[in-house]
Amino acid sequence: MRISRDDVLNWIRNCAAAVADNKEYLIQLDSDIGDGDHGANIHRGFQAVLSKLPTVADKDIGTIFKTVGFTLISTVGGASGPLYGALFMQMGTVTAGKLELTLADWAAAIEAGLNGVILRGKAILGDKTMVDALMPSAKALHEASIEGKSLPDALRTCARAAEKGMRNTIPLVAKKGRASYLGERSVGHQDPGATSSNLLLQVAVRTWTNGAS
Ligand code: ADP
Ligand code: MG
């Protein structure tokens, strides 16, 4: 089983829908430990992505991801705009020219995207950021790919790792971004960026497995 270009386009559209559905929730999380704009920021970005998507729907997957990245950088702002921009730009770099993706390609894309986020934001695991959801996900995909797991199994393992990583941010002290200004007072709150990152990976499993085992 492979991920086709249409699958990728559907994932991005479903991400936009899921972000819209979770906009208020993400705003609430960011109000607790930030400035309350995360939900509105990425919603604005993904709405812009939706309107750009038709212009690249017949291009290779790398071009599609890079266009998502550019669009997020130019419309989201805040800390998360350049970070999600870097994620998708790097995903686009390693999938350049491809019209479909194997599990190994998807694992490489998420790993490259994570590295883009780390290069830009300098966060490490445990800093209470989106890296805490993305890093375990990338690791799970990489291991699943090496073990020869099926794509649906790998996507499910990845989504579980993302959710766990997101929940693991609750007891952490924020070390990066606005939440870090709160120091110890950031403890007990789930990180908004880890929550939106988890959302994107939950949407991947929902979009691409169709309930298949
Ligand atoms: P801002 O903090 O500028 O208001 P957002 O509210 O849109 O931006 O995004 C906040 C999220 O960005 C945080 O919850 C965190 O996950 C993520 N973030 C902030 N700084 C960094 C960083 N240096 N590295 C990785 N992620 C970060
Ligand atoms: Mg914010």
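In listed order, ligands and their atoms are each counted from 1.
Proximity of M130 to ligand 1 is established by a heavy-atom distance of less than 4.0 Å. Under the 4.0 angstrom criterion for non-hydrogen atoms, P192 is in contact with ligand 1.
Near G78, the atoms of ligand 1 lying under 4.0 angstrom from a non-hydrogen atom of the residue are 3 (O). Of all the atoms in ligand 1, the ones that sit under 4.0 Å from a non-hydrogen atom of G177 are 19 (C), 20 (N). Heavy-atom proximity to G193, at under 4.0 Å, picks out these atoms of ligand 1: 13 (C), 14 (O), 16 (O). For ligand 1, the atoms lying closer than 4.0 Å to a non-hydrogen atom of D30 are 6 (O). The distance from ligand 1 to the heavy atoms of D35 drops below 4.0 Å at these ligand atoms: 4 (O).
The Mg ion (ligand 2) is closest to atom OD1 of D37 (considering only N, O or S atoms).
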Going through the checks in order, is the side chain to side chain contact (heavy atoms under 4.5 Å, CB included) test met by I118 and K122?
CA-CA 5 Å; I118 291 173; K122 311 279 183 266; over 6 Å; no
Chi angles and distances behind the side chain to side chain contact (heavy atoms under 4.5 Å, CB included) call for S74, F70
CA-CA 6 Å; S74 56; F70 272 133; 5.5 Å; no
Working note: I61 + L101, criterion side chain to side chain contact (heavy atoms under 4.5 Å, CB included); need CA distance, chi angles, decisive distance, verdict.
CA-CA 9 Å; I61 292 170; L101 306 178; 3.8 Å; yes
Show your reasoning for whether side chain to side chain donor-acceptor pair (under 3.5 Å) applies to E100 and S4.
CA-CA 4 Å; E100 59 175 24; S4 69; over 6 Å; no
For T207 and N14: C-alpha separation, side-chain torsions, deciding distance, then whether side chain to side chain donor-acceptor pair (under 3.5 Å) applies.
CA-CA 7 Å; T207 305; N14 290 345; 3.0 Å; yes
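Protein heavy atom in closest approach to atom 16 (O) of ligand 1: D191 OD2, 2.6 Å. Nearest protein neighbour of atom 7 (O) of ligand 1, counting heavy atoms only, is S80 OG, 2.6 Å. The protein heavy atom nearest to atom 8 (O) of ligand 1 is A79 N, 3.2 Å. For atom 10 (C) of ligand 1, the closest non-hydrogen atom on the protein side is H38 ND1, 4.1 Å. Residue, atom and distance of the protein heavy atom nearest to atom 23 (N) of ligand 1 are G121 O, 2.8 Å. Protein heavy atom closest to atom 24 (N) of ligand 1, with residue, atom name and distance, is A123 CB, 3.5 Å.
Here the angle at the Mg ion (ligand 2) defined by OD1 in D35 and OD2 in D30 stands at 90°, rounded to 10 degrees.
In the displayed structure, E147 atom CD is contacted under 6.0 Å by more than 12 heavy atoms of other residues, nucleotides or ligands.
For R178 and D35, the salt-bridge test passes: some basic side-chain N is under 4.0 Å from an acidic carboxylate O.
Only the side chain of L83 comes within contact range of ligand 1, with a heavy atom under 4.0 Å; no backbone atom does. Of all the heavy atoms of T129, the ones lying under 4.0 Å from any atom of ligand 1 are found in both the backbone and the side chain.
With hydrogens and angles left out, the side-chain atoms of Y84 and S197 include a donor and acceptor closer than 3.5 Å. When only modelled atom types and interatomic distance are considered, N198 and Q202 share a side-chain donor-acceptor pair under 3.5 Å.
Classification of the W106-F65 ring pair by plane angle, with boundaries at 30° and 60°, yields tilted.
Of the candidates L72, V19, T67, L72 is the only one forming a side chain to side chain contact (heavy atoms under 4.5 Å, CB included) with V49.
Comparing heavy-atom distances from atom 6 (O) of ligand 1 across N41, T195, D37, L87 singles out D37 as nearest.
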